[in-house]
Amino acid sequence: MSRSRKNTKLSDEASGGFSSGGFDHEIAQLTKLRSGTSENMSKLVGGKNKGWISPVKMLAARESNFLRKSKFSTADGCHILNRYLPVNGPYLVDQMESCAYVSHFSFDGSLLVAGYQGSHIRVYNVEDEWKVHKDIMARGLHWTITDTSLSRDKRFLVYSSMSPTVHIVDVGSSVMESLANVTEIHEGLDLSGDDDESFSIFSLKFSMDGQEIVAASSDDSIYVYDLVTNKRTLRIPAHKEDVNTVCFADESGHLIYSGSDDSFCKVWDRRCLASRSQPAGTLVGHLEGITFIDSRGDGRYFISNGKDQTIKLWDIRMMSSNSECVSRPRTNFNWDYRWMDYPAKLREMKHPNDQSLATYRGHSVLRTLIRCHFSPEYSTGQKYIYTGSNDGAVYTYDLVTGALVSKLNHHETTVRDCCWHPYYPVIVSSSWDGMIMRCEFPGSDKTPPSLKQRRNHRLYLN
């Protein structure tokens, strides 16, 4: 989770990663197809600037039946929706005396989960004025809640701390005040197995089918726990330093991405691990440890946040098959991200073997494992990436051009995590000032419409 760096040389080449028009790669084209207007719409109402078409003209073309169909394409819908960024506010969701560490929406967006340092995990009902749906007092807490994950069906929630045991809670029960092993059982899942080891869990995720949990640990390993058989089924000695982040690459659950303080991102194919306990490949480019990884969900692309103050975009087809042939460049600075600013001389440095597609700069990754994410596919076509920052802001970048499209300055200190609602134009941020805040478009303190109303609205928009 945290180690200092010493010694030798670095390339002084700047690594902006972008030309004025962005980068030219398959993902750039896919993003434009997802978030831009369809070819028919561009031909019908496109003017000199075909990159932006007035929503009024698009609606008029649809109502006049110029499109020869009654609804917009998915890309046309994203073209309209992704321009209305959630930048108005902020509006307070909740505030506690302890630091807020994690926040994320349920798969359908009806619930928000927030984890605090002071043992509390709260689940909010987004459609009922953000009221507390379940208030969980954690069991066996060591220092802080490091991560939480909610199953896709919203039935179970798992949480971790600086311990090899994670706990699982029945979110679907009728008990609102869930005090561990007093009002409700919080079953402990021991990832150490028979090894009798002590380590911390920094990151964990449910599989899409809700039957497995993958976790990243301080003993340089990745763990998989099977909830059906109720036992640890896999331990991968994955890196040479703390594994800070891990996630499934797609719905299949075969591929796993991991990121470590050794500065490497690795791809693991579980179908091959029985024959060889080696990664499918390694991706290099970060100069310092990796704090978080978010998958695009297609088993091909992901982004990572690094202590070198950058986000990087990756295509796993560019990975190296042999991690031993790549080395991590070291700096001349004895630097520790937990309490020191990143050395100014290193901010524009580039790894000599950088395999990333693009690099995004502007935010600050200090003090804690700050997280980054892709924007939702439904409303933006994953056109943006966004991240928390040590300066108390949430940064949103254009995936293709790298431009900073919004900076939400609403907290007094570190924003460790943030989440974009899968359907509404709403961003929620969790900060060490103890506050959970939301920004939205158009910006009112009213509760968004229910999921049923949203579905009806989508039919109308289509």
Side-chain angles (χ1 to χ4, degrees), residues 93-94 100-116 119-128 130-139 141 144-161 165-178 180 184-189 191 201-216 223-228 245-251 253 256 292-295 297 371 373-374 376-378 416-424 426-430 436 438 448 451:
V93 175
D94 201 356
Y101 264 69
V102 293
S103 55
H104 56 91
F105 286 105
S106 60
F107 182 78
D108 66 358
S110 62
L111 300 177
L112 171 72
V113 178
Y116 299 84
S119 299
H120 268 283
I121 302 169
R122 284 185 170 173
V123 182
Y124 305 90
N125 189 332
V126 174
E127 296 174 351
D128 188 16
W130 303 85
K131 292 178 181 177
V132 176
H133 170 74
K134 198 173 188 75
D135 192 0
I136 301 167
M137 262 314 257
R139 173 188 176 190
L141 186 75
T144 183
I145 299 292
T146 55
D147 204 3
T148 63
S149 183
L150 186 65
S151 61
R152 187 170 182 171
D153 61 4
K154 301 182 293 184
R155 177 72 189 278
F156 296 106
L157 180 138
V158 289
Y159 62 87
S160 62
S161 66
T165 301
V166 302
H167 293 89
I168 187 165
V169 185
D170 186 351
V171 177
S173 73
S174 59
V175 178
M176 179 179 173
E177 299 287 339
S178 180
E184 196 169 36
I185 297 297
H186 293 195
E187 184 181 356
L189 313 176
L191 299 188
I201 300 296
F202 297 139
S203 172
L204 77 167
K205 291 288 185 295
F206 262 109
S207 60
M208 292 298 282
D209 61 10
Q211 295 184 3
E212 291 183 311
I213 298 165
V214 63
Y223 292 90
V224 176
Y225 194 96
D226 189 312
L227 293 171
V228 177
T245 177
V246 68
C247 67
F248 290 105
D250 55 19
E251 293 189 6
I256 294 173
F292 196 71
I293 283 176
D294 187 42
S295 172
R371 302 183 164 196
H373 306 274
F374 285 97
E377 181 178 354
Y378 174 90
R416 188 179 188 272
D417 201 2
C418 46
C419 52
W420 196 318
H421 194 281
Y423 301 106
Y424 306 146
V426 175
I427 286 181
V428 170
S429 54
S430 48
I436 305 293
R438 79 178 195 268
L451 286 177

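Worth saying up front: this structure is predicted, and the values here are computed from it rather than measured.
- For Lys134 and Glu184, the salt-bridge test passes: some basic side-chain N is under 4.0 Å from an acidic carboxylate O.
- Under the side chain to side chain donor-acceptor pair (under 3.5 Å) criterion, Ser161 pairs with no residue at all, not counting sequence neighbours.
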**OP:** Report the C-alpha separation of Leu204 and Val214 in whole Å, then their side-chain angles, then the decisive distance to 0.1 Å, and conclude whether the side-chain contact (heavy atoms from CB on, under 4.5 Å) test is met.
**Re:** CA-CA 5 Å; Leu204 77 167; Val214 63; over 6 Å; no
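- The backbone N or O of Thr146 lies less than 3.5 Å from no partner atom in the side chain of Thr144, so there is not a single donor-acceptor pair.
- Ile201 CD1 to Thr165 OG1: the interatomic distance, rounded to the nearest 0.5 Å, is 8.5 Å.
- Taken to the nearest 0.5 Å, the OH atom of Tyr225 stands 4.5 Å off from the CG atom of Leu189.
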Subject >> Evaluation steps, salt bridge (Lys or Arg N to Asp or Glu O under 4.0 Å), between Lys154 and Asp108 >> reply: CA-CA 9 Å; Lys154 301 182 293 184; Asp108 66 358; 3.0 Å; yes
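- The pair Asp147-Arg371 counts as a salt bridge, with a side-chain nitrogen and a carboxylate oxygen less than 4.0 angstrom apart.
- Rounding to the nearest 0.5 angstrom, the gap separating the OG atom in Ser430 from the OH atom in Tyr101 is 11.0 Å.
- In terms of modelled atom types and a separation under 3.5 Å, the side chain of Arg122 and the main chain of Ala114 share no donor-acceptor contact.
- A donor-acceptor contact closer than 3.5 angstrom links the side chains of Asp135 and His120.
- Not a single donor-acceptor pair under 3.5 Å links the side chain of Ser149 to the backbone N or O of Lys205.
- Distance CD1/Ile185 to OG/Ser173: 11.5 Å, rounded to 0.5 Å.
- For the salt bridge (charged side-chain N to carboxylate O under 4.0 Å, His left out) test, no residue two or more places apart in sequence or in another chain qualifies with Asp153.
- Note that the OG atom of Ser106 and the CZ atom of Arg152 stand 11.5 Å from one another [nearest 0.5 Å].
- Each of Trp130, Trp420, Tyr124 was checked for a side-chain contact (heavy atoms from CB on, under 4.5 Å) with Val428, and the lone residue meeting it is Trp130.
- In terms of the ring-ring contact (aromatic ring centres under 6.0 Å, His included) criterion, Phe206 has no residue partners (sequence neighbours excluded).
- Taking every heavy atom of both residues into account, Gly210 and Leu227 meet most closely at O-CD1, 3.5 Å.
- Atom CD1 of Ile136 is separated from atom OH of Tyr159 by 7.5 Å, given to the nearest 0.5 angstrom.
- Under 3.5 Å, the side chains of His186 and Ser178 contain a donor-acceptor pair of N or O atoms.
- A donor-acceptor pair shorter than 3.5 Å cannot be found between the side chains of Asp128 and His133.
- Using modelled atom types, one side-chain atom of Thr245 and one backbone atom of Ile293 make a donor-acceptor pair closer than 3.5 Å.
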